[in-house]
Amino acid sequence: MKPTHIKNIQSRSRNLDVERMDDFTFAVDSSTDLQQRHFVKLTPDADGRIHSSCTCEWSQFHGVGCVHVMATLNHVAQQKGRKLSFWQT
């Protein structure tokens with residue numbers, strides 16, 4: 001399932017703290033419970049695409065594209081001196 005309402009998700013993800021746990025796993029603050037963290041896994045494939053998964057309830061029932069995945073993608077992009085863009089180049 002492809003995410004919809006990208007700008008809303010992107011906006012909600014901006015204030016979440018992200019911590020790298022290993023090469024592909026990140027701990028991300030919950031957007032609804034300050035005492036909880038979710039774990040996001042980013043897995044690159046041979047074509048350069050990144051596949052993601054998250055332990056949050058929304059992601060478990062609705063697919064990818066939750067605020068935690070978005071926060072993680074933003075974090076990784078910033079670490080590389082880049083910005084996320086959803087416009088085709």
Query - Contacts of type side chain to side chain donor-acceptor pair (under 3.5 Å), residue D22, not counting sequence neighbours - result: T25
Report summary line: Distance col, row M70:CE vs S52:OG, nearest 0.5 angstrom, shows 9.5 Å
**Report entry** Any residue meeting side chain to side chain contact (heavy atoms under 4.5 Å, CB included) with K83, in chain and number order, not counting sequence neighbours
**Finding:** none
Query raised in the report: Looking at V18 and A71, what are the two nearest heavy atoms and their distance?
Result: CG2-O, 3.7 Å
**Report entry** Results of side chain to side chain donor-acceptor pair (under 3.5 Å) for E19 - residues two or more places apart only
**Finding:** R37
Report task. Find the distance between CZ (F26) and NE2 (H68) and round it off to the nearest 0.5 Å. Result -> 15.0 Å
Report task. Using the test side chain to side chain donor-acceptor pair (under 3.5 Å), find all partners of D23 that sit at least two apart in sequence or belong to another chain. Result -> none
Report task. Search all heavy atoms of C66 against all heavy atoms of S59 and return the closest pair with its distance. Result -> SG-CB, 4.2 Å
Report summary line: The reported gap from CD in Q79 to CG in N74 (rounded to nearest 0.5 angstrom) is 12.0 Å
Name every donor-acceptor pair, under 3.5 Å, that has one atom in a side chain of residues 38-50 and the other anywhere in the protein, sequence neighbours excluded.
residue, atom, partner, partner atom, Å
D45, OD1, D47, N, 2.9
D45, OD1, G48, N, 3.1
D45, OD1, R49, N, 3.0
D45, OD2, H51, NE2, 2.9
D47, OD2, R49, NH2, 2.8

**Report entry** Interatomic distance, S31 atom OG to Q36 atom CD [nearest 0.5 angstrom]
**Finding:** 9.5 Å
